[in-house]
Amino acid sequence: MAYRDLREWIKALEKAGELKRIRAEVDPNLEMAEIADRAAKMGRGTPRAGGPALLFENVKGYPGATVLMNQFGSERRMKMALEADSLDAIAERIEVLLKPEMPATLMDKLKMLPMLAEIGRFFPKVIARKDASCKAVIHTGEAVNLHALPVLKTWPGDGGPFITLPLVMTRDPKSGKRNTGMYRMQVYDRNTTGMHWQRQKNAAEHLRERLRGAATTDAERVNIMALTSGGTTAAGDSSSIPGVTLSRIRNERMEVAVAIGTDPAMTFSAIVPAPPEIEEFLIAGFLRQAPVELVKCETVDLEVPANAEIVLEGYVELGELRSEGPFGDHTGFYTMPDDYPVFHVTCITHRKNPVYAATIVGKPPMEDAWMGKAVERIFLPLMRLTMPEIVDVNLPAEGVFHNLMIVSIRKSYAGHARKVMSGIWAMGQAMFTKCIVVVDEDCDVQDVAEVVLRTANNIDPERDIQFTLGPVDSLDHASRLPNFGSKMGIDATRKWAAEGFTRPWPEMLEMPGEVKARVDAMWSKLGI
């Protein structure tokens, strides 16, 4: 059975011996983060890596508050969260969902009916307000106070406290599709926060569509995008956007809702790189094998998970940006201040005695490394939809998701590795990958030592390294410009004569299988 909410998940963690209740008084200003960081790095390199989930029950300055951290911080807990024996099993199920075999006969069509019926069971359903636990307490107007929440400051150089595990919900103004993403939110005061949705995220595209809607012609839309840098530069009085009234842009609002503390599948779905046409509510339903229950918001026309611990409702103004940051990020460095939209909170609803869910990011390995590994396994079938030659991928934790991807392929023609590199850079959020290493199918990409051995031995650097320019992650502090820079691909596959390689290629060392079997049989007698 699916975890109905965060509280059922906490009970399951405790029953499995995966939760530690912290009853000593701990300050949300840096102390919680330091404890969670140490826990995340416990048992490094062992099967018990990741330490326990942490439930802080004595929060300094917030009587009665509880804070959950490190809930996803181990391989075992990620499998528990998604209720699977392995993360690859989830990927296999998603592959069937995304690419079912086309029915060739009437019998094949009949065989598909159960699968279609199963998918239909996972669509979200809206319930009545009276049945939604997140509506137990409702604050509007002057009663809205973000400072009442135990929001953490995780690193000493941070620009302030940040909401670090929010599910941010917006609606596509063209299609009406809902999107759920996870973007950090710096708390500015009682009722405003930053909204750090990066330029290429779906929510940022929703904002750009609203900006485009302020124009009446294609030429005006081009002007708006150019003069606001795609919505990343405020439309100030000194701007000149022919045909568009600046005050109209500044007064246009886009509604936003934020859920904090949901069941684990719903929280995880917010970071899954799904196609824009697939709502995260459906992905969460698919992962948890039960539909997500939603409820209408009080002040905005959006729906949120009905059993969320805390819900923030409000809006961003199209032309309003404010400096956000610095923030100690998963790169292990601070991201510098930059301008981002401002979220104005119009309503806060929450359960009685809500549990505040948070995370800390920083030098890996941390909790997000395990979440990233799960994304990697689920993303693999999505990649295979367009590049079936891909055998496996590995996003090492030290590569912090967007800096390094290792890919093994079934090489079929000259230049195949470079084709795969280009395909990855053209694929959704994978466009940000700074370095791609491509190896042959007989190389285990999860064995980084084997990958390094192959790469170091198989390349002629001038011949096998390819550079390209394009969009890079907003967190890349080394790029020549913010959000724009170079990327590198390394072809570490065996080189063919068809690729101009005319020298003999040596065989790798490998002991015959029968010798290995004989030694296996005698091993226990050797006393080694």
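Predicted model only: the values in this text are computed from it and were never measured.
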Carboxylate-amine/guanidinium contact [X] [Y], below 4.0 Å:
| X | Y | value |
| --- | --- | --- |
| D520 | K516 | no |
| E31 | K153 | no |
| R288 | D263 | yes |
| D329 | R184 | yes |
| E18 | R76 | yes |
| K373 | E376 | yes |
| E14 | R21 | yes |
| E398 | R44 | yes |
| D85 | K79 | no |
| D442 | R494 | no |
| E514 | R518 | no |
| E280 | R178 | no |
| D440 | R454 | no |

Main chain of [Y], side chain of [X]: is a donor-acceptor contact present, judged purely on distance under 3.5 Å?
| X | Y | value |
| --- | --- | --- |
| D447 | E450 | yes |
| W370 | G73 | yes |
| Q466 | R418 | no |

Side-chain contact, heavy-atom cut-off 4.5 Å: [X] with [Y]?
| X | Y | result |
| --- | --- | --- |
| E279 | N179 | no |
| I378 | L87 | no |
| S474 | Y340 | yes |
| K487 | C435 | no |
| D37 | K41 | yes |
| I360 | M366 | yes |
| I390 | S408 | no |
| L55 | L19 | yes |

*Describe, in one word, how the ring planes of F333 and H477 are oriented to each other, choosing from parallel (under 30°), tilted (30 to 60°) and perpendicular (over 60°).*
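Tilted: the ring planes of F333 and H477 meet at 30° to 60°.
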_Parallel, tilted or perpendicular, judged at 30° and 60°: which one describes the rings of H416 and Y413?_
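The rings of H416 and Y413 lie parallel, inter-plane angle below 30°.
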State whether a side-chain donor-acceptor pair under 3.5 Å links [X] with [Y].
| X | Y | answer |
| --- | --- | --- |
| T359 | E367 | yes |
| S479 | N483 | no |
| T493 | D491 | yes |

Closest heavy-atom pair and its distance - [X], [Y]:
| X | Y | result |
| --- | --- | --- |
| S412 | W496 | C-CH2, 3.5 Å |
| V256 | T170 | CG2-CG2, 4.1 Å |
| N70 | A39 | ND2-CB, 4.2 Å |
| S486 | V472 | O-CG1, 4.2 Å |
| I163 | V151 | N-CG1, 3.6 Å |
| P341 | W197 | CG-NE1, 3.4 Å |

*Should I459 and I490 be marked as a side-chain contact (heavy atoms from CB on, under 4.5 Å) after you check the CA-CA gap, both sets of side-chain angles, and the distance that decides it?*
CA-CA 8 Å; I459 68 167; I490 301 176; 3.8 Å; yes
*From CA spacing to verdict: ring-ring contact (aromatic ring centres under 6.0 Å, His included), F327, Y334*: CA-CA 5 Å; F327 178 71; Y334 287 99; 8.5 Å; no
*How many angstroms lie between atom CD1 of I271 and atom CG of L165, to the nearest 0.5 angstrom?*
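It is 9.0 Å, given to the nearest 0.5 Å.
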